[in-house]
Number of protein chains: 2
Amino acid sequence: MTAKKVLIIDDESSIREMIAIALEMAGYEYLEAENIQQGHEIVVDHRPDLILVDWMMPGGSGIELTRRLKKDATTAEIPVIMLTAKSEEDNKIQGLEVGADDYITKPFSPRELVARLKAVLRRATPQGVDEPIEIDNLVLDPISQRVTIGTRPLDMGPTEYRLLKFLMTHQERAYSRAQLLDQVWGGNVYVEERTVDVHIRRLRKAIGSTHDYLIQTVRGTGYRFSAQRSL
Amino acid sequence: MTAKKVLIIDDESSIREMIAIALEMAGYEYLEAENIQQGHEIVVDHRPDLILVDWMMPGGSGIELTRRLKKDATTAEIPVIMLTAKSEEDNKIQGLEVGADDYITKPFSPRELVARLKAVLRRATPQGVDEPIEIDNLVLDPISQRVTIGTRPLDMGPTEYRLLKFLMTHQERAYSRAQLLDQVWGGNVYVEERTVDVHIRRLRKAIGSTHDYLIQTVRGTGYRFSAQRSL
DNA sequence: TGACATTGTCACAACTTTGCCACATAACCT
DNA sequence: AGGTTATGTGGCAAAGTTGTGACAATGTCA
């Protein structure tokens, strides 16, 4: 396995240094961005596997950056850990709401940092490189975030896209509605299970009748993506 | 699947009642403990699948109980949801730090409760990894939840699938109808024994005449799955 | 702001599965 | 053989699951 890249966005050089040492010892690759304005570009350029953002940043807040990252579909899946000072405890909630995956309260030990980081990475989808996935002429390209059949581009909403992507990356496997909600919507959303059906329907519609056999119903359970026709 | 047991620890009987109704409707089993002092013992005794704890408890805090539960290795994995009043928002953080898995702010709707509860349970229950079972060209794959002979996928209902799965994982062994009802239907359903025969028949039909010798009748007893043809 | 797209829910329609019955067949026994 | 019991079969009504269109709420974008 290649070393995971961790991007640090923090203005305090002493903290950056401490983190750098901790990461190196734990076998991670280290990227840094001093200035939050550069944050977004650096993320897009280097595609880190995880980002550490300091909450307290002069001239702009880490929370703003996090929000921006989580909104952008190309960076949304990169996990973010926020660093907050003890006195800013209340902000944790705000941080989590904006989409941060975890937070660490300063001061923290290098060991704690690495432990949290491991946990978050473990939870994060172990997706490989962003290779396009092609099955039976249906192509999903994660870079351009586009789905095509032959030359025809398909029109679908972000949720349908994520759902399809998940199913395609895990083809030949049956998932319950609950599991799909977990994986596609995210663990702690409050959404009816039947909503999954509706999105499946929209997906099938978008894909069209020539290929809708790819998305199969597993009665009593949920759904499955499979190139093998079921009947 | 057996009903999940949910333990409620709260002093307000009106809330307990509301929760009880919501749980019942959603198909959960309901346990209650009025007094926090009893909390720990009840947990150890009944091993609930999830615990709801009110933050506000006279004479002792729910947080204390939660901490105790999460410290004890035998109860640590049981998920805990805390109930907090709006004004106690700041306590959420403390709750999460103590190890609570989620929190709900009062007032909350029954639906919200059930949804959160589902989400937490979903996260807490991991899936085992099952290997496909292959016998005489008949393959049952628990991952895709599909049964195939060669390349042909078989069409059967969920009950037939479970029945077949059970028989295949216990091949060469005869089971009575009662045992099958127990294992495949679940312990406490009331179903006629002859119903098993009907499902066996459907199974044989689904498998087709080329392979129906695999499911054998054991006269006076029940049925058996065996790759070895009996006379 | 207003048009437009997306999302989650619902109510109802369409379809499957299930359990049971009644009767047909088969196996077993004396 | 004839009687007796056990199992196979087709069909059916009820229950359960999934498909579908419409709607309101919300978010997005120029």
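Naming: A, B, ... by sequence-line order, numbering from 1 per chain. These values consider heavy atoms only, across backbone and side chains, with no hydrogens, waters or symmetry-generated copies.
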- How far apart are the C-alpha atoms of B:His211 and B:Arg204, what are their side-chain angles, what is the distance that settles it, and do they pass the side-chain contact (heavy atoms from CB on, under 4.5 Å) test? CA-CA 8 Å; B:His211 288 69; B:Arg204 283 172 169 157; over 6 Å; no
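B:Val189 comes within 4.0 angstrom of nothing in the nucleic acid, heavy atoms only. Within 4.0 Å (heavy atoms only), B:Tyr223 reaches sugar-phosphate atoms of the nucleic acid but no base atom.
For residues 185-204 of chain B, every residue pair satisfying the ring pair (Phe, Tyr, Trp, His ring centres under 6.0 Å) rule, not counting sequence neighbours, is listed here: B:Trp185-B:His199.
When distances run from any side-chain atom of A:Val198 to the nucleotides C:dA26, C:dT7, C:dC10, the shortest one goes to C:dC10. Closest approach to the A:Pro158 side chain among C:dT9, C:dT7, D:dT9 is made by C:dT7 (side chain taken as heavy atoms from C-beta onward). The side chain of B:Thr217 has D:dG8 as its nearest neighbour among C:dT17, D:dG8, C:dG19.
Dashed line: the shortest gap from a side-chain N or O of B:Arg194 to OP1 or OP2 of D:dA6 is not under 4.0 Å. Taking 4.0 angstrom as the limit, A:Arg204 places a side-chain polar atom (N or O) nearer than this to OP1 or OP2 of D:dG19. Contact check, B:Arg201 against D:dG10: a side-chain N or O comes under 4.0 Å of OP1 or OP2.
Counting heavy atoms from C-beta on, the side chains of A:Phe225 and A:Tyr175 never come closer than 4.5 Å.
No donor-acceptor contact under 3.5 Å links the side chain of B:Arg202 to the base of D:dG8.
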